[in-house]
A.B. asks: 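Following this message is one structure expressed as C-alpha cells.
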Amino acid sequence: MASGGDDEQVPEGCNGIVVKNLYLSCDPYTRNRITKPDTGNYYVNYLKPGLPINGLGVAKVFDSGHPNFKKGDLVWGNTRWEEYSLITDFQLLFKIQHTNVPLSYYTGILGPPGLTAYSGFYEVAMLSEVLEAKKRYFPEVIDIYFENVGGKMLDAVLLNIRAHGRIAACGLISQYNLDKPEGVHNLMHLIYKRIRMEGFVVFDYFHLYPKFLEFVLPQIAEGKIAYLEDIAEGLKSGPSALVGLFSGLNVGKQVVLVAQE
Ligand SMILES: NC(=O)c1ccc[n+]([C@@H]2O[C@H](COP(=O)([O-])OP(=O)(O)OC[C@H]3O[C@@H](n4cnc5c(N)ncnc54)[C@H](OP(=O)(O)O)[C@@H]3O)[C@@H](O)[C@H]2O)c1
C-alpha cells in the first residue's frame, strides 16, 4: 500500500488492521526465500514475484478493525516492505509495551532477528558463568557453539570443539548466495567426539519472549549492552541494504527507516 488514499483504511467487514511501517529489518534469511529449495519443511514462506517482500518490522496502527488493536498502538512483527500494510494474520504481531528504548530495537535485539547479537551476549552474560561453575565439578566440560556462518567455519568448529560438544545450528550465512552449497567436510568429528548438532529456529521459542524482555530490558537501561545499528533511510534504500548484508557492508544490525512515527 502506498500513502495518500482510502487504501489506508481497513476494508469494511475486515477485522484486520492497517499499519504505517516505521522500521524494517534486513535479515539474511530473506535471501533463502528467493530460491526455492528442493525439499519442503522450510520454516518461512517463499517470496512471490510481484508482491511486496514480507518480513519483520516496527509499525504504528493507522486504522483498526480488530478489537485488540487501536489507532496509535505500536507493534512489531510480520509486516511488508511498503509504506502502509493491511495485516490480517496476527500470529506474529506483538504490541510494543516498552517504549523507553529506541523503537528500531524491536527489529533486532528485542526481536527475533539479530541472533548474532543474542548469542554473543548470552555467551558473555550467562554461559560463561554456567560453564565456570560446571568446570569446578566436571573438568571435561562441554563446549557449546552457536552456528551462524557455515562452510569453512563449521569445518573448523568440528575440528576444534571438545568431545561431547554441542552445536546449535541457527544459520549458514556463508552459503546463502552460492549456487551449490560447499557442504561440510569434517562430519566424522561428530562421531569421533560424540558431538550433538541440532537445528534452532527462533519461532519455536516465542513463548519465552516475555521472560526474555524481563531479562534484557534492564541490561539495556543500565548500559550493560552496547547495541549498534546501521540505519538505511527510506524504503528505496531497502534492497541495497539487504544485499549489503552478504558482503558485511553493514556495521551493526541493518535496519531500514521507512517513516518517522
Ligand atoms: N534459525 C533462526 O531462527 C534464525 C533467525 C534469525 C537469523 N538466523 C541466522 O543468523 C545469522 C545472522 O543473522 P542476523 O539476523 O543476526 O543478521 P546479521 O548479524 O546482520 O547478519 C549479517 C552478517 O553476517 C556476516 N556475513 C555475511 N556474509 C558472510 C559470510 N560469507 N561469511 C561470514 N559472515 C558473513 C556479516 O558480518 P560481518 O560484517 O562481521 O562480516 C553480516 O554483517 C544468519 O545465518 C541467519 O540466517 C537464524
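Counting starts at 1 for both ligands and their atoms, following the listed order. Computed from a prediction, not measured in an experiment: that's the story for all the values here.
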A.B. asks: Does any N or O atom in F200 lie less than 3.5 angstrom from one in ligand 1, N or O only?
C.D. replies: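 N/O-N/O distance below 3.5 Å exists for this pair.
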A.B. asks: So, using ring pair (Phe, Tyr, Trp, His ring centres under 6.0 Å) as the criterion, who are the partners of H66 when residues are at least two apart?
C.D. replies: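 Applying ring pair (Phe, Tyr, Trp, His ring centres under 6.0 Å) to H66 gives F69, F90.
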A.B. asks: Is Q254 in polar range of ligand 1, meaning some N or O pair under 3.5 Å apart?
C.D. replies: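 In this structure, Q254 places no N or O atom under 3.5 Å from an N or O of ligand 1.
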A.B. asks: Could you check if a side-chain atom of I220 sits within less than 4.5 angstrom of a side-chain atom of L110, using non-hydrogen atoms only?
C.D. replies: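 In contact.
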A.B. asks: Taking the six-membered ring for Trp, are Y23 and Y106 ring centroids under 6.0 Å apart?
C.D. replies: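 Judged by ring-centre distance (under 6.0 Å), Y23 and Y106 do not meet the cut-off.
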A.B. asks: Purely on distance, is any nitrogen or oxygen of V202 under 3.5 Å from one on ligand 1?
C.D. replies: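 Looking only at distances, the answer is yes, because the N/O contact criterion of under 3.5 Å is met.
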A.B. asks: Taking the six-membered ring for Trp, is the centroid-to-centroid distance between F94 and F206 below 6.0 Å?
C.D. replies: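 Ring-ring flag for F94/F206: true, centres closer than 6.0 Å.
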A.B. asks: State whether the number of non-hydrogen atoms from other residues, nucleotides or ligands found under 6.0 Å of E182 atom CD is greater than 12.
C.D. replies: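 Buried by this count: over 12 neighbours within 6.0 Å.
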A.B. asks: Pick one of side chain, backbone, both or neither for how S174 approaches ligand 1, counting any non-hydrogen atom pair under 4.0 Å.
C.D. replies: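 The part of S174 near ligand 1 is both the backbone and the side chain.
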A.B. asks: Indicate yes or no: does an N/O atom of K253 lie under 3.5 Å from an N/O atom of ligand 1?
C.D. replies: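 In fact, backbone or side chain, K253 has no N or O that close.
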A.B. asks: Is any side-chain heavy atom of Q9 closer than 4.5 Å to one of V18?
C.D. replies: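 Result no, sub-4.5 Å side-chain heavy-atom pair not found.
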A.B. asks: Nearest heavy atom to atom 38 (P) of ligand 1: which of A168, G244, G150, G248 does it belong to?
C.D. replies: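 Shortest heavy-atom distance from atom 38 (P) of ligand 1: G248.
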A.B. asks: Between Y29 and ligand 1, does any nitrogen or oxygen pair lie at a separation below 3.5 Å?
C.D. replies: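 No; the residue has no nitrogen or oxygen that sits under 3.5 Å from a nitrogen or oxygen of the ligand.
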A.B. asks: Side chain, backbone, both or neither: which applies to L172 and ligand 1 if a contact is any heavy-atom pair less than 4.0 Å apart?
C.D. replies: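 It is the backbone that touches ligand 1; the side chain stays farther off.
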A.B. asks: Can you find a heavy atom in the side chain of V10 that is under 4.5 Å from one in the side chain of F62?
C.D. replies: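 Not touching, per the 4.5 Å side-chain cut-off.
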A.B. asks: Determine whether any heavy atom of F203 lies closer than 4.0 Å to an atom of ligand 1.
C.D. replies: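 F203 does not count as a contact of ligand 1 under the 4.0 Å cut-off.
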